[in-house]
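Just so we're on the same page: letters track the sequence lines, and every chain starts at 1.
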Protein chains: 2
Amino acid sequence: MKWLVNIAARDKLTQTVKIVLVDDHSILLDGLKKLIEEDDMLSVVDAVGNVPDAIRAIDKHKPDLVITDYNLGPDDGLSLVQKSKRLFPDMKFIVLSMHDEAHLVKEILKEGVNGYVLKKDTKEELLEAIYAVRGGKMYMSTEINAMLVKSLYEPEEGKLLTAREREILKLIAQEYSNKMIAEELFISERTVETHRKNIFRKTKTGSLVGLIKFAYANNLI
Amino acid sequence: MKWLVNIAARDKLTQTVKIVLVDDHSILLDGLKKLIEEDDMLSVVDAVGNVPDAIRAIDKHKPDLVITDYNLGPDDGLSLVQKSKRLFPDMKFIVLSMHDEAHLVKEILKEGVNGYVLKKDTKEELLEAIYAVRGGKMYMSTEINAMLVKSLYEPEEGKLLTAREREILKLIAQEYSNKMIAEELFISERTVETHRKNIFRKTKTGSLVGLIKFAYANNLI
DNA sequence: TTTCGAATACCCACCAGAGGGTATTTTTTA
DNA sequence: TAAAAAATACCCTCTGGTGGGTATTCGAAA
């Protein structure tokens, strides 16, 4: 045990933890693997770069847990979690993401992932997460925890926009005009205008540009 | 030598290559370090997460080369290269980026970096790059090379927008109105309108939304 | 059962920006 | 040094979206 990390759960393990890594950046994948395998109680049984390969790897190796990036090219880590949970309901997941937006984090946690660690966190936090999750607990990195607690005081934050409003925002972000949106959703152009106004009010963005940036930041695009 | 990589330049080295790593994601930094130090001719003398720390580390350790991420929080890898080149003109740089947009790559190469490797490339390419750059050569990963060659056939691609136009696009993306941009740059509102039209024409985006997405895709925001 | 949020819809005034030009000066490149 | 590219500037038209309202229906919580 090389690292000076206080991980209580570690000592209870009698056999190595089998891990599947998912990240679409090959170099990071290799680095992460090296990092994890420094600890000889942990074993990376497969490291893949996309969702289909990940599903196959999980099916083949039946790992103890899956550590996945959130941004995975065409589809995302969320869809990997969703698909896997259907096929292997007891599979454990740690999401390793660069996003710390409250809204996004909450959405991911709702999918039932067991841990959430930021890429800018330390490797120690990742190890803590691995052992906690292996031991049947959940683990949020310090920063994520702080963020979640903080968001308790701003209850609106999470569900700012209604489903309908988000639908319309997505269309706006796809360069639809009000007229086109109205036709698409079989509603009046007036209604679209109203929704649009509400979206502006709620997001506190005064311009289209700000709105698009909001949509980006909240991963609606 | 554990890896089966054919690196001619490696055998000529008589002493280890001192490397400074720069990446704002702590976990990746650790992983990268492990990856590189697998090769015992390579030594990571420092690993930091932002531009000021990087400058200090370079000054202190006088490394043989610096491997830096492109996205570094507030400032970017480009500004690191620029600042460092002023202070240490002979310092060698490899940019490790997730961006493969022709426009962006060319801009980075213009700064005089010695290597460009994508995060989705293999670790072997990174090693090739390190040894090539150490040996005084330049190194572009296979994918980057292919992209550069391809862009030869589409001469417009690379320098789509002029410096001024990009300046204005950035302001547009910062929610400036035409009037505000005019005041900011000490030019007439009419001129801003003209630039704006040219930007739309060149980017082939019909709407503000498309423009903002272009700006995102080309890392102007 | 009442109240509240969400979705629907309409009206009007106003203007910033899209879209169409043309033209001059400066800088870069051939 | 001539030609091309970039930056500057002005004019006109017109529409789409912004910002200000108000109001009805409907389902869900209280």
Side-chain angles (χ1 to χ4, degrees), chain A residues 103 106-107 154-215 218 220-221, chain B residues 102-103 106-107 110 151-152 154-215 218 220-221:
Chain A
H103 155 264
K106 285 180 183 172
E107 201 149 308
E154 295 143 14
E156 305 310 309
E157 269 300 307
K159 45 155 193 170
L160 235 191
L161 301 183
T162 66
R164 194 56 154 176
E165 284 161 356
R166 239 172 295 155
E167 203 176 355
I168 285 166
L169 177 49
K170 275 185 194 173
L171 291 174
I172 292 175
Q174 278 162 52
E175 298 178 54
Y176 280 57
S177 68
N178 282 352
K179 194 176 201 168
M180 289 161 75
I181 295 174
E183 282 163 10
E184 179 81 16
L185 301 179
F186 306 106
I187 56 178
S188 150
E189 221 178 311
R190 304 290 147 270
T191 310
V192 178
E193 279 167 14
T194 304
H195 281 306
R196 205 177 183 122
K197 274 183 285 191
N198 289 333
I199 293 171
F200 270 114
R201 187 175 40 74
K202 287 182 175 181
T203 59
K204 295 189 194 68
T205 50
S207 70
L208 231 201
V209 177
L211 196 61
I212 301 303
K213 286 159 87 175
F214 172 89
N218 288 275
L220 294 169
I221 306 184
Chain B
H103 151 264
K106 285 180 182 172
E107 198 152 310
K110 253 185 255 166
S151 79
L152 292 177
E154 297 143 13
E156 305 312 309
E157 269 299 308
K159 43 159 194 167
L160 236 190
L161 300 184
T162 67
R164 193 56 154 176
E165 283 161 357
R166 241 171 295 151
E167 203 177 355
I168 285 167
L169 176 49
K170 276 186 194 174
L171 291 175
I172 292 175
Q174 278 163 51
E175 298 179 58
Y176 280 58
S177 68
N178 283 353
K179 194 176 202 167
M180 290 161 76
I181 295 174
E183 282 163 10
E184 178 81 14
L185 301 179
F186 305 107
I187 56 178
S188 150
E189 220 177 314
R190 304 289 148 272
T191 309
V192 178
E193 279 167 14
T194 304
H195 281 306
R196 205 178 183 121
K197 274 184 285 191
N198 289 333
I199 293 171
F200 269 113
R201 187 174 40 75
K202 287 182 175 181
T203 58
K204 295 189 194 68
T205 49
S207 69
L208 230 201
V209 177
L211 196 61
I212 300 303
K213 286 158 89 175
F214 172 89
N218 288 274
L220 295 169
I221 305 183

Under 4.0 angstrom between [X] side-chain N/O and [N] OP1 or OP2:
| X | N | value |
| --- | --- | --- |
| Arg201(B) | dG19(C) | no |
| Ser188(B) | dC10(D) | yes |
| Arg196(A) | dT18(D) | yes |
| Arg164(A) | dT8(C) | yes |

Minimum-distance nucleotide to [X] side chain [options: [options]]:
| X | options | result |
| --- | --- | --- |
| Ile187(A) | dA9(C), dG20(D), dA18(C) | dA9(C) |
| His195(B) | dA7(D), dG17(C), dG19(D) | dA7(D) |
| Thr162(A) | dA6(C), dA9(C), dT8(D) | dA6(C) |

[N] [atom2] sits how many Å from [X] [atom1], rounded?
| X | N | atom1 | atom2 | value |
| --- | --- | --- | --- | --- |
| Lys202(A) | dA6(C) | NZ | C1' | 8 Å |
| Glu175(A) | dG17(C) | CD | P | 18 Å |
| Lys197(A) | dT8(C) | NZ | C1' | 13 Å |
| Ile168(A) | dG17(D) | CD1 | P | 13 Å |
| Asn198(B) | dG19(C) | CG | C1' | 12 Å |
| Arg190(A) | dG20(D) | CZ | C1' | 15 Å |
| Leu161(A) | dA6(C) | CG | C1' | 13 Å |
| Arg166(B) | dA6(D) | CZ | C1' | 13 Å |

(message) Need one value for Asn178(A): base, sugar-phosphate or nothing, where a base atom within 4.0 Å counts as base even if backbone is also close, heavy atoms only.
(response)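 Sugar-phosphate contact only - Asn178(A) comes under 4.0 Å of backbone atoms but never of a base.
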(request) Indicate, with a heavy-atom threshold strictly under 4.0 Å, whether Thr191(B) touches base, sugar-phosphate, or nothing. (result)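 Result for Thr191(B) = base.
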(message) So Thr194(A) and Glu189(A), do their side chains get closer than 4.5 Å, heavy atoms only?
(response)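 Not touching, per the 4.5 Å side-chain cut-off.
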(message) Do His195(B) and Thr191(B) have side chains that approach each other closer than 4.5 Å (heavy atoms only, starting at C-beta)?
(response)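 His195(B) vs Thr191(B): side chains touch.
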(request) Would you confirm whether Gln174(A), through its side chain, and Leu171(A), through its main-chain N or O, come within 3.5 Å as a donor-acceptor pair? (result)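 Looks like no, no N/O pair under 3.5 Å.
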(request) Name the residue closer to the 5' end of DNA chain D, choosing between Glu193(B) and Leu208(A) according to the nucleotide with the nearest heavy atom. (result)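 Nearer the 5' end of the strand: Glu193(B).
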(request) Please say which of Thr205(B), Asn198(B), Thr203(B) ends up in a side chain to side chain donor-acceptor pair (under 3.5 Å) with Arg201(B). (result)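 Going through the options one by one, the only one that passes is Asn198(B).
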(message) One thing to verify: whether Lys170(B) and Glu167(B) come together as a salt bridge, which I'm taking to mean a side-chain N less than 4.0 angstrom from a carboxylate O.
(response)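 No salt bridge links Glu167(B) with Lys170(B).
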(request) Answer yes or no: side-chain N or O of Thr194(B) and base N or O of dA9(D) forming a donor-acceptor pair under 3.5 Å. (result)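 Pair found.
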